[in-house]
Amino acid sequence: MRLLLALMLLKSEDVSGNLRGRADAASLIRYLEQHYYRQDLTIAYLAEMAGYSPNYLQKIFAAAAGCRPKEYLQKYRLEMAAKFLRENRYPVKEVAAMCGFSDAHYFANAFRKYYGCTPSEFRISVTPAP
C-alpha cells in the first residue's frame with residue numbers, strides 16, 4: 001500500500017526535479033531548526049551543503065516553506081528566544097547568543113519588530129509574579 005501511494009505521489013510530481021527540491025527544502029528546514037544557534041549559517045553555506053546555487057536554493061526553499069531561508073531562520077530564532085525568555089533562566093544577552101544573534105542590540109530590535117515589545121518587556125509579561 002505504501003509503495004502504491006509513493007508511486008502515485010511520484011507520478012503526480014513534475015518530473016523537472018521538483019520532488020528533489022521539496023525533499024531538500026525539508027532537509028534544510030530540519031537543519032536550520034537543529035542548528036539555529038550557529039551564527040555562521042549563510043545562504044552560501046546552505047547552498048553549498050545542498051549542492052545548489054544560492055539563488056536556486058532560495059527558490060526551492062520559498063516554494064516549500066513560503067519564505068526565504070533567512071526569514072525562516074530569523075523567525076525560528078526569535079521563537080526559540082521567546083521560549084528561553086519564558087523560562088527566565090538566562091540574561092537577555094545570553095539568550096541572544098544562544099539563539100544565534102551575535103549582537104544583542106540587533107536581537108532586541110528584531111525581537112521588538114516580531115513581538116511588539118523588547119525581550120525584557122516580554123519576559124516581564126510572561127513571568128508570573130512571586
Side-chain angles (χ1 to χ4, degrees):
M1 184 65 163
R2 286 185 190 167
L3 180 60
L4 180 61
L5 187 58
L7 288 173
M8 288 171 45
L9 248 170
L10 280 172
K11 188 172 183 173
S12 70
E13 291 293 333
D14 181 8
V15 182
S16 68
N18 285 342
L19 182 62
R20 178 175 179 224
R22 287 192 187 125
D24 286 343
S27 296
L28 286 169
I29 287 170
R30 276 193 309 278
Y31 185 86
L32 289 175
E33 289 177 354
Q34 293 170 351
H35 298 91
Y36 67 93
Y37 55 87
R38 292 183 54 184
Q39 296 176 6
D40 63 345
L41 290 179
T42 63
I43 299 300
Y45 173 78
L46 294 171
E48 184 179 331
M49 188 175 76
Y52 293 134
S53 73
N55 287 339
Y56 185 70
L57 173 88
Q58 291 191 75
K59 180 181 174 184
I60 64 167
F61 192 96
C67 63
R68 295 181 309 205
K70 184 177 180 179
E71 293 166 342
Y72 186 91
L73 180 60
Q74 177 92 337
K75 178 183 172 196
Y76 192 79
R77 284 176 168 169
L78 291 169
E79 289 171 357
M80 291 304 295
K83 176 182 173 268
F84 289 127
L85 290 168
R86 279 186 200 97
E87 293 173 2
N88 202 16
R89 292 175 46 197
Y90 307 102
V92 172
K93 275 187 168 184
E94 196 169 332
V95 169
M98 290 167 48
C99 293
F101 292 93
S102 60
D103 183 314
H105 184 69
Y106 175 76
F107 165 68
N109 286 338
F111 195 93
R112 181 192 308 253
K113 185 175 180 182
Y114 190 73
Y115 284 102
C117 61
T118 66
S120 297
E121 292 167 344
F122 180 86
R123 173 175 274 162
I124 291 167
S125 73
V126 298
T127 304

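Only heavy atoms go into these numbers, but all of them, side chains included; no hydrogens, no water, no symmetry mates.
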Considering only heavy atoms from C-beta outward, does the side chain of F61 approach that of K70 to under 4.5 Å?
no

Do the rings of F84 and Y90 sit parallel, tilted or perpendicular, given the 30° and 60° boundaries?
perpendicular

Can you say whether the rings of F111 and F122 are parallel (under 30°), tilted (30 to 60°) or perpendicular (over 60°)?
perpendicular

Atom [atom1] of [X] and atom [atom2] of [Y]: how far apart are they, to the nearest 0.5 Å?
X	Y	atom1	atom2	answer
M98	K93	CE	NZ	15.5 Å
K59	S53	NZ	OG	9.5 Å
Y52	M49	OH	CE	11.5 Å

Indicate every side-chain donor-acceptor pair of residues 39-46 with a distance under 3.5 Å to a residue at least two apart or in another chain.
{"from": "D40", "atom 1": "OD1", "to": "R38", "atom 2": "NE", "distance (Å)": "2.9"}
{"from": "D40", "atom 1": "OD1", "to": "R38", "atom 2": "NH2", "distance (Å)": "3.1"}
{"from": "D40", "atom 1": "OD2", "to": "R38", "atom 2": "NH2", "distance (Å)": "2.7"}
{"from": "T42", "atom 1": "OG1", "to": "Y45", "atom 2": "N", "distance (Å)": "3.0"}
{"from": "Y45", "atom 1": "OH", "to": "Y31", "atom 2": "OH", "distance (Å)": "3.2"}

Answer yes or no: does atom CZ of R123 have more than 12 heavy-atom neighbours from other residues, nucleotides or ligands under 6.0 Å?
yes

Would the number of heavy atoms belonging to other residues, nucleotides or ligands and lying under 6.0 Å from CD of E48 be above 12?
no

Nearest heavy-atom neighbours spanning [X] and [Y]:
X	Y	value
P119	F107	CG-CE2, 3.5 Å
S120	V92	OG-CG2, 3.8 Å
A96	A104	CB-CA, 4.4 Å

Residues passing the side chain to side chain contact (heavy atoms under 4.5 Å, CB included) test with E33, sequence neighbours excluded, are I29, Y72, Y76

Whether Q58 side chain and N55 backbone form a donor-acceptor pair below 3.5 Å:
no

Between R77 (side chain only) and Y36 (backbone N and O only), is there a donor and an acceptor less than 3.5 Å apart?
yes

Working note: K113 + N109, criterion side chain to side chain contact (heavy atoms under 4.5 Å, CB included); need CA distance, chi angles, decisive distance, verdict.
CA-CA 6 Å; K113 185 175 180 182; N109 286 338; over 6 Å; no

Side chain to side chain contact (heavy atoms under 4.5 Å, CB included) assessment of L57 paired with L28:
CA-CA 10 Å; L57 173 88; L28 286 169; 2.8 Å; yes

Would you please test E87 and K83 for side chain to side chain contact (heavy atoms under 4.5 Å, CB included) and show each step?
CA-CA 7 Å; E87 293 173 2; K83 176 182 173 268; 3.6 Å; yes

Please lay out, stage by stage, how E121 and Y115 fare under the test side chain to side chain contact (heavy atoms under 4.5 Å, CB included).
CA-CA 10 Å; E121 292 167 344; Y115 284 102; over 6 Å; no

